Enquirer: 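Pasting in a structure now, in structure tokens, and then I'll have a few things to ask.
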Protein chains: 2
Amino acid sequence: MVSSPPDPAFLECLANRLGPRGFTADPADIDPWTIDWRGRVRGSAVALLSPADTAEAADIVAMCAAAGVPLVPQGGNTSMVAGATPPANGSALILSTRRMRAIRSISAADGVAVVEAGVVLADLHDAAAVHGLRFPLSLAAKGSATIGGLVSTNAGGTQVLRFGPMRALVLGIEAVLPDGSRFDGLSALRKDNRGYDLRQLLTGAEGTLGIVTAASLRLVPAIGRRAVAWAGLDSPQAALALLRRLEAATGEAVESFELVPDDALDLVIRHIPGSRAPLGGAHRWHALIEATAPQGAADPADALGQVLGQAMADGGVGDATIAASEAQAEALWRLRESISDAERADGMAAKHDISVPVSAMPDFILSARVAVEAAFPGTRVIAFGHLGDGNVHFNVRAPAGIPATGAEGMAWLAETGAAVSRMVNDLTVAAGGSISAEHGIGQTKLAEYARLADPARLAAQQAIKAALDPRWLMNPGKLVPR
Amino acid sequence: MVSSPPDPAFLECLANRLGPRGFTADPADIDPWTIDWRGRVRGSAVALLSPADTAEAADIVAMCAAAGVPLVPQGGNTSMVAGATPPANGSALILSTRRMRAIRSISAADGVAVVEAGVVLADLHDAAAVHGLRFPLSLAAKGSATIGGLVSTNAGGTQVLRFGPMRALVLGIEAVLPDGSRFDGLSALRKDNRGYDLRQLLTGAEGTLGIVTAASLRLVPAIGRRAVAWAGLDSPQAALALLRRLEAATGEAVESFELVPDDALDLVIRHIPGSRAPLGGAHRWHALIEATAPQGAADPADALGQVLGQAMADGGVGDATIAASEAQAEALWRLRESISDAERADGMAAKHDISVPVSAMPDFILSARVAVEAAFPGTRVIAFGHLGDGNVHFNVRAPAGIPATGAEGMAWLAETGAAVSRMVNDLTVAAGGSISAEHGIGQTKLAEYARLADPARLAAQQAIKAALDPRWLMNPGKLVPR
């Protein structure tokens with residue numbers, strides 16, 4: 001393991017190759033990129049490298065490989081697991097893709113966009129819309145998260161139910177491998193059986209097997225109309241049953257189905273100005289539903305309204321409303337998307353991003369909640385999110401009064417929070433689930449992953465890492481326990 | 001490279017472990033499994049191992065790893081590239097999954113089937129139908145092809161347009177890795193970001209990284225109604241334009257869109273008893289189209305008929321017919337599925353399974369045909385198949401009178417046919433395509449793959465192979481050039 005910063009003469013070589021726009025050793029420039037998105041992990045780096053294109057990136061990787069200097073690839077720095085934060089010892093340099101932000105092409109005929117790693121997700125959304133298309137992956141950090149990072153973390157979000165995670169949308173990848181060689185797999189082939197699928201291997205590899213420099217991504221037709229509904233329900237079981245009814249009645253029209261417990265909604269209403277409850281009565285659980293239809297097709301609100309009406313009549317749903325305008329639809333989505341902010345405003349929480357088989361999730365949510373709250377008195381579980389993917393954010397709030405920032409909160413997180421996480425992870429593994437559904441492993445889940453991983457899986461991952469990056473220089477300390 | 005058969009004492013150990021039902025050294029039992037599906041590659045093996053379950057398979061792999069004995073995994077032996085045929089020198093043993101044919105579970109709630117490697121595809125279709133579900137992957141060899149082989153070759157077929165290849169349908173994998181360790185990745189999680197995706201790595205690995213012993217597969221609702229149509233067209237460009245119109249009008253209802261040139265249809269009508277032309281006039285190109293709808297939804301024939309009617313009116317389509325009964329629908333499909341048989345009855349052909357970006361395929365078909373027929377006088381190109389996937393079977397028929405079997409045919413194939421293949425592959429690579437869209441590399445494409453592969457891709461694949469199978473014992477001589 002490299003433990004000291006690279007020497008000044010080598011930095012000089014990098015500076016010469018990259019020029020002043022591509023190289024900085026100024027701590028004021030570097031500092032914002034050495035702390036993770038959640039503000040909990042601080043690293044250190046003596047230089048920030050920003051190659052202008054793939055050729056420069058390849059040269060830098062080759063130079064660092066030859067010199068034995070670790071590199072931390074970084075896009076929008078929105079990792080939830082400190083996956084783009086350099087090690088604290090300053091041994092690694094940050095390689096930022098921020099200057100590689102060309103949208104190389106959009107083919108409406110093929111439904112394919114070829115975009116560079118540094119393109120921000122929201123910018124791709126805008127560019128696709130110009131062609132009457134859309135890129136069907138979105139998440140809260142879309143204004144900062146970049147394509148390279150989204151590919152490298154196999155990002156999820158709110159449309160996975162219909163379109164799958166990033167892995168299902170990546171048609172091609174261009175990457176610089178750890179030895180500095182260029183893998184050109186950009187050609188957007190719908191079918192390609194030439195050996196091990198390196199695109200799939202690099203997707204979700206968190207930059208540990210090289211740097212994704214560009215990707216060919218699937219685009220789909222723009223939404224003609226969307227219908228957004230909010231339903232009040234008795235239980236997660238009732239929510240899943242409603243989803244199945246909707247799917248049976250509308251095929252693939254349902255794009256999002258987000259579970260929200262009442263206490264999460266209460267937090268949002270308390271802490272987020274301008275928010276209010278969408279339904280009159282009290283409901284223990286809620287579901288936010290979005291259905292879409294292509295241009296020219298029937299309004300999806302009709303089918304959605306019909307199913308919700310039937311479900312209200314037979315007791316499957318307590319109450320429901322369909323947004324009557326785009327502004328109302330936005331307001332419903334804002335409730336869902338404000339949960340994390342509201343939670344943070346309210347206090348500290350130990351957060352988990354877990355998955356189990358879909359049909360097992362409703363029972364898991366209830367039983368794990370009871371078990372965790374009993375084991376850690378004063379804690380309160382909020383489990384919300386992507387029920388249809390079998391994935392919820394299972395957040396365990398600290399006892400009231402412990403703030404989300406400051407020494408007291410961090411102390412709770414480091415002691416009780418860590419014990420809570422071990423329990424949640426144990427319960428998840430026992431249910432055949434994953435301790436990381438969509439956020440990845442990064443740094444913050446590495447120890448738990450090492451503790452819980454199936455030995456055969458872990459050994460194979462380590463062998464692959466060592467084969468492609470024998471000195472473990474790419475994004476050190478992330479994803480694969482050494 | 002191992003070059004001699006394992007010694008009798010070691011075979012005795014295997015026989016003891018497997019018992020009489022799981023071990024045979026009788027050449028009469030073994031022989032049928034030493035020749036490939038197309039009857040062109042003959043191998044040799046002194047024993048056929050048929051473990052009853054994953055535990056037996058793991059033990060055998062571990063024993064062979066310790067003894068340095070190569071293994072060739074085999075399912076239905078339907079590889080189009082001799083991917084399951086043992087080497088000729090008899091050094092390897094065949095490990096057949098034929099006794100591992102349990103359907104472990106089908107969950108209608110989750111839409112997941114857990115099936116063992118030796119389950120025949122048609123049997124899975126039948127089992128899913130009992131639950132009102134279907135497994136949306138089908139191909140001509142469905143009566144023999146097994147799940148293990150379909151996963152290991154990332155099989156395609158006629159429904160990839162809507163549901164993707166096997167890779168998109170595999171939710172979990174259980175496998176025995178080359179050291180005999182068991183990878184338990186069966187849990188069907190819709191989201192799982194715990195490191196490199198070994199399920200994706202094993203999918204399409206052709207058994208070179210271990211033996212897939214079971215898989216969790218995605219099931220979808222059974223078809224409520226289907227509509228099958230046949231259209232006569234001027235060109236592949238017109239065919240692709242028609243597909244885009246259909247997609248725009250019907251969303252994801254179009255499951256299959258198969259391109260058939262007139263000479264392929266002529267061959268079928270000439271050689272396959274009971275077949276006749278679906279349309280009255282002469283058309284240079286044809287498309288077979290299937291659209292489906294879930295139970296309770298509108299008949300997909302309505303939308304299909306509307307688009308075809310409009311296209312006939314504005315000249316996009318020359319003529320078209322929609323099957324009025326299930327029997328007519330079957331008859332249309334039989335025309336498409338008989339092309340290979342008809343071609344074989346007519347004479348020898350050099351076959352290729354290529355892909356290019358979808359929108360480039362129409363021009364590629366026409367220009368490559370002209371180029372190949374000019375370079376090899378007397379040859380006649382038939383390019384047919386999955387236009388919507390950018391994948392056609394680009395078959396180059398030998399000059400008239402050269403039969404598909406016998407010395408004359410084989411001599412043509414070995415000399416002119418090989419030169420034809422090099423040209424087709426060069427043209428494909430120049431168009432950014434793949435020399436193997438769905439059949440894999442196996443043995444028969446290995447040399448061409450080695451000649452044409454991007455060096456970075458090849459080096460990475462070799463490194464992965466060596467990392468997981470250091471002695472290259474799993475399915476030797478397939479997929480990865482050594």
Side-chain angles (χ1 to χ4, degrees), chain A residues 107 109-110 153-154 156 160 165 167-168 177 181-185 187-198 200-201 204-205 221 248 251-252 294 297 355 357-359 389-391 432-441 449 453-454 456-457 459-461 463-464 466-468 479-480, chain B residues 107 109-110 153-154 156 160 165 167-168 177 181-185 187-198 200-201 204-205 221 248 251-252 294 297 355 357-359 389-391 432-441 449 453-454 456-457 459-461 463-464 466-468 479-480:
Chain A
S107 161
D110 278 334
T153 58
N154 184 30
V160 173
R167 187 178 294 294
L177 301 182
S181 64
R182 274 172 73 160
F183 166 60
D184 181 3
S187 194
L189 302 174
R190 300 271 166 177
K191 286 179 174 173
D192 181 8
N193 273 351
R194 287 173 294 172
Y196 313 141
D197 193 331
L198 299 183
Q200 290 290 340
L201 188 63
E252 281 151 328
S355 62
V358 180
S359 63
D389 307 326
N391 167 211
S434 170
I435 66 165
S436 177
E438 59 178 11
H439 290 170
I441 298 298
Y449 179 55
D454 168 40
R457 178 198 287 255
Q461 291 176 338
I464 292 165
L468 296 182
L479 188 63
V480 186
Chain B
S107 162
D110 278 335
T153 58
N154 183 30
V160 174
R167 188 178 292 295
L177 301 183
S181 64
R182 272 172 74 160
F183 167 61
D184 181 2
S187 193
L189 302 173
R190 301 269 164 177
K191 287 178 173 174
D192 181 8
N193 274 349
R194 288 173 292 172
Y196 312 142
D197 193 333
L198 298 183
Q200 291 290 340
L201 189 62
E252 280 150 331
S355 62
V358 181
S359 64
D389 307 326
N391 167 209
S434 169
I435 66 165
S436 177
E438 60 179 11
H439 290 170
I441 299 297
Y449 179 55
D454 167 41
R457 176 198 287 254
Q461 290 176 338
I464 292 164
L468 296 182
L479 190 64
V480 186

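These numbers come from a predicted model, not from an experiment. Convention: sequence-line order gives letters A, B, ...; per-chain numbering from 1.
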Enquirer: For the residue pair B:Lys191 and A:Ser434, what are the closest heavy atoms and their distance?
Expert: O-CB, 4.4 Å
Enquirer: Taking the side chain from A:Ser355 and the backbone from B:Leu189, do they hold a donor-acceptor pair closer than 3.5 Å?
Expert: no
Enquirer: Please identify, among B:Gly185, B:Gly195, B:Ser107, the residue contributing the most non-hydrogen atom pairs under 4.5 Å to chain A.
Expert: B:Gly195
Enquirer: What residue, out of A:Ala248, A:Ala463, A:Ala466, A:Ala459, has the most heavy-atom pairs lying under 4.5 Å from chain B?
Expert: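 Most pairs with chain B among the choices: A:Ala463.
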Enquirer: For A:Val480, which atoms come within 4.5 Å of any heavy atom of chain B: side chain, backbone, both, or neither?
Expert: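 Side chain only.
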Enquirer: With a 4.5 angstrom heavy-atom cut-off, could you sort out which part of A:Phe183 is near chain B: side chain, backbone, both or neither?
Expert: both
Enquirer: In terms of heavy-atom proximity below 4.5 Å to chain B, should A:Pro357 be classed as side chain, backbone, both, or neither?
Expert: both
Enquirer: Please state whether the side chain, the backbone, both or neither of A:Asn391 comes within less than 4.5 Å of a heavy atom of chain B.
Expert: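 Just the side chain, heavy atoms under 4.5 Å.
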Enquirer: Using a 4.5 angstrom heavy-atom cutoff, name the option from A:Asp197, A:Ile441, A:Asp110 with the most pairs to chain B.
Expert: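 Among the listed options, the one with the most contacts to chain B is A:Asp110.
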Enquirer: At a heavy-atom separation under 4.5 Å, does A:Ala460 approach chain B through its side chain, its backbone, both, or neither?
Expert: both
Enquirer: Side chains of B:Val160 and A:Arg190: does their closest heavy-atom pair fall under 4.5 Å?
Expert: no
Enquirer: Heavy-atom distance under 4.5 Å to chain A: side chain of B:Asp454, backbone, both or neither?
Expert: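 Contact with chain A: side chain only.
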Enquirer: Is A:Arg457 in contact with chain B via its backbone, its side chain, both, or neither, using a 4.5 Å heavy-atom distance?
Expert: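 For A:Arg457, heavy atoms of backbone and side chain both lie under 4.5 Å from chain B.
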Enquirer: So, does A:Ser187 use its side chain to make a donor-acceptor pair with the main chain of B:Gly433 at under 3.5 Å?
Expert: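 Looks like no, no N/O pair under 3.5 Å.
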Enquirer: Side chain, backbone, both or neither: which part of A:Asn154 has a non-hydrogen atom closer than 4.5 Å to chain B?
Expert: both
Enquirer: Is it the case that A:Arg194 and B:Ser436 place a side-chain donor and acceptor less than 3.5 Å from each other?
Expert: no
